[in-house]
Amino acid sequence: MSISNLKNTSLLKTKSYINGQWLDADSGQTFDVIDPANGEVIASVADLGVGETHRAIQAAEKAMQPWKKLTAKERSNILRKWYDLIMLNQDDLAIIMTAEQGKVLAESKGEVGYGASFVEWFAEEAKRVYGDVIPSTTIDRRSIAIKQAIGVVAAVTPWNFPNAMITRKAAPALAVGCAIVLKPASETPLSALALAELADQAGIPAGLFNVVVGTNAVDIGKELTSNPLVKKFTFTGSTPIGKLLIQQCSNTVKRTSMELGGNAPVIVFADADLDKAVSGALIAKFRNAGQTCICANRIIVEDSIYDEFIEKFTAQVKQFTLGNGFDENTTIGPLITSKATKNIQALVNDAKEKGAKVLTGGNIDTLGDNFYQPTVIVNLNNEMRIAREEIFGPVATIFKFSTEQEAITMANDTEFGLASYIFTKDMSRVWRVSEAVEYGMVGVNEVAISSEIIPFGGIKESGQGREGSKYGLDDYLEIKYICLGDI
Ligand code: SIN
């Protein structure tokens, strides 16, 4: 299996999609999209810049004027067609994703379904954007609050989920009447362009969904964050870049929502179902080869079950098969680049130098520079970089605690606050610990916490705003107060 197995070859686009047109770069420049599993060039893609981004924003502003005046149901009907086409092309979209991102094909297929679910959900949910009639303070007045589309949305999305992180932003924006200009990661532009092709086929009017692909992320980012026509900026990516983008947005006081880095703890109490905790921690750690913001970064286990947990967990990790995401036996694919594997090696080496012990893995694999061995590390402490930084790879770190309070303190000892997980059967503890951990999301005896119906997002330096759920519309809406006098 490879990109040559695509049934619908119209999905493989190499130009950007602006104002309903497929465009080359003004400069004529292109860049290569590389398969991380074997280093082969999948496609040569137009490398756009600031001028094209500027024009996309202008087109978006124009296109959203009639779009926002449609009824929510009219917009919903068009978005529903987009959803249907994404699902119809699920297998092909998964092939494109595995080719450019590396994840195991079954995971890519899962992500396409996950991504489509946001389109379906928000097409429905936007029909329920209610305002309020506020009881008046004087008899001759009526006070009303209505919600309106915020305006042109700019989005920058990451390579780890090349489909779902786009639809999670584009669907609510379009559903409430906004237009969007998207800059996908230059490692994985093909999934974004395939979504644009399907948006076109679904009849989403020109100028509403624009995809600007380019390697000059700094300058394109500056245009997206400084152009006064953009009213809202949304980003999924690292915390340092997120902070910079928030600063850039402050000059024109744009609304921002940020889904940034994480340092998720998995706390396993002695009263947990141990086998479920082991399999949960494995999924939380190794999904997408450890390249998700909500991946388990620290597994924190109560001392009385620590040895047994490690034994069972490590035995399972040794069963993983590293390889090309297209191979049926592969359970863990390559990382996105060799820079990623080198960063992880530096974290592992730092831990080893400070006394950590590697139980399995611990090296870049002989399969190639982008493959990192599934790894388990113990004997850790908080002085090690690996305990404080987002690992973003298939390396599990296992810590020990002896009291509930110690586990909570360890879990909260980070500037991040995205996802956390708890394994216990004690219901009082479930409440106590869920309320005490400083995270936007808590999975209790469950790690598959993501879906279109839940408010995904973090606190502290993991971000602001929520994506998915009924709350996911709020970031794309302004509240307008209307005072009716002389009644
Ligand atoms: C992310 O890692 O940014 C998203 C993960 C998810 O949606 O489950």
Side-chain angles (χ1 to χ4, degrees), residues 86 94 97 101-104 106-122 155-172 182-185 187-188 191-192 195 234-242 245 257-266 280-298 332-333 335-336 340 389-395 416-421 439-443 446-469 471-472 475:
I86 295 170
M97 192 184 298
Q101 200 275 344
K103 69 177 72 175
V104 172
E107 282 194 48
S108 293
K109 200 167 166 188
E111 187 190 329
V112 175
Y114 175 45
S117 74
F118 290 107
V119 180
E120 183 187 45
W121 171 264
F122 284 115
V156 174
T157 54
W159 49 261
N160 62 340
F161 287 88
N163 174 303
M165 297 305 101
I166 294 174
T167 53
R168 195 151 83 172
K169 298 174 191 307
L182 164 75
K183 191 221 165 289
E187 292 85 353
T188 56
S191 295
L195 279 173
T234 169
F235 173 67
T236 297
S238 74
T239 294
I241 303 288
L245 293 167
S257 45
M258 297 279 153
E259 204 265 271
L260 307 177
N263 184 356
V266 178
L282 284 164
I283 296 167
K285 176 68 253 181
F286 292 99
R287 174 181 173 226
N288 198 14
Q291 301 172 111
T292 90
C293 305
I294 59 170
C295 267
N297 219 52
R298 294 167 294 152
I332 300 194
L335 300 190
I336 191 73
E389 296 178 27
E390 197 173 24
I391 302 170
F392 237 64
V395 177
F416 295 110
L418 189 58
S420 57
Y421 309 92
Y439 287 84
M441 299 177 281
V442 186
E446 182 55 78
V447 296
I449 58 171
S450 304
S451 90
E452 76 279 19
I453 66 162
I454 60 96
F456 188 105
I459 60 172
K460 294 162 79 177
E461 294 191 20
S462 285
Q464 45 181 236
R466 293 294 177 267
E467 296 190 317
S469 78
Y471 308 105
D475 278 318

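Values below: every heavy atom of this structure, side chains too, minus hydrogens, waters and symmetry copies. Start at 1 and go down the list; that is how both ligands and their atoms are numbered.
The Ile294 neighbourhood of ligand 1 comprises atoms 8 (O), with distances under 4.0 Å to a heavy atom of that residue. Proximity to Cys293 (heavy-atom distance under 4.0 Å) selects the following atoms of ligand 1: 1 (C), 2 (O), 3 (O). Each of the following atoms of ligand 1 lies closer than 4.0 Å to a heavy atom of Tyr114: 6 (C), 7 (O), 8 (O).
Contacts of Ser450 with ligand 1, taken as heavy-atom pairs under 4.0 Å, involve the side chain alone. With a heavy-atom cut-off of 4.0 Å, Asn160 touches ligand 1 through its side chain alone. Contact annotation for Met441 and ligand 1: no heavy atom of the residue comes within less than 4.0 Å of the ligand.
Among all heavy-atom pairs drawn from Gln291 and Phe161, the shortest one is O-CE1, 4.2 Å. The two residues Pro158 and Ala185 come nearest to each other via the heavy atoms C-CB, 3.7 Å.
For the pair Met165 and ligand 1, the shortest N or O to N or O distance does not fall below 3.5 Å.
Around the OH atom of Tyr471, the shell of radius 6.0 Å holds no more than 12 heavy atoms that belong to other residues, nucleotides or ligands. Heavy atoms from other residues, nucleotides or ligands lying under 6.0 Å from CD1 of Ile459 number more than 12.
Annotation: cation-pi pair Lys169/Phe235 absent, no NZ/CZ under 6.0 Å from the ring centroid and within 45° of its normal.
At least one heavy atom of Arg168 sits closer than 4.0 Å to an atom of ligand 1.
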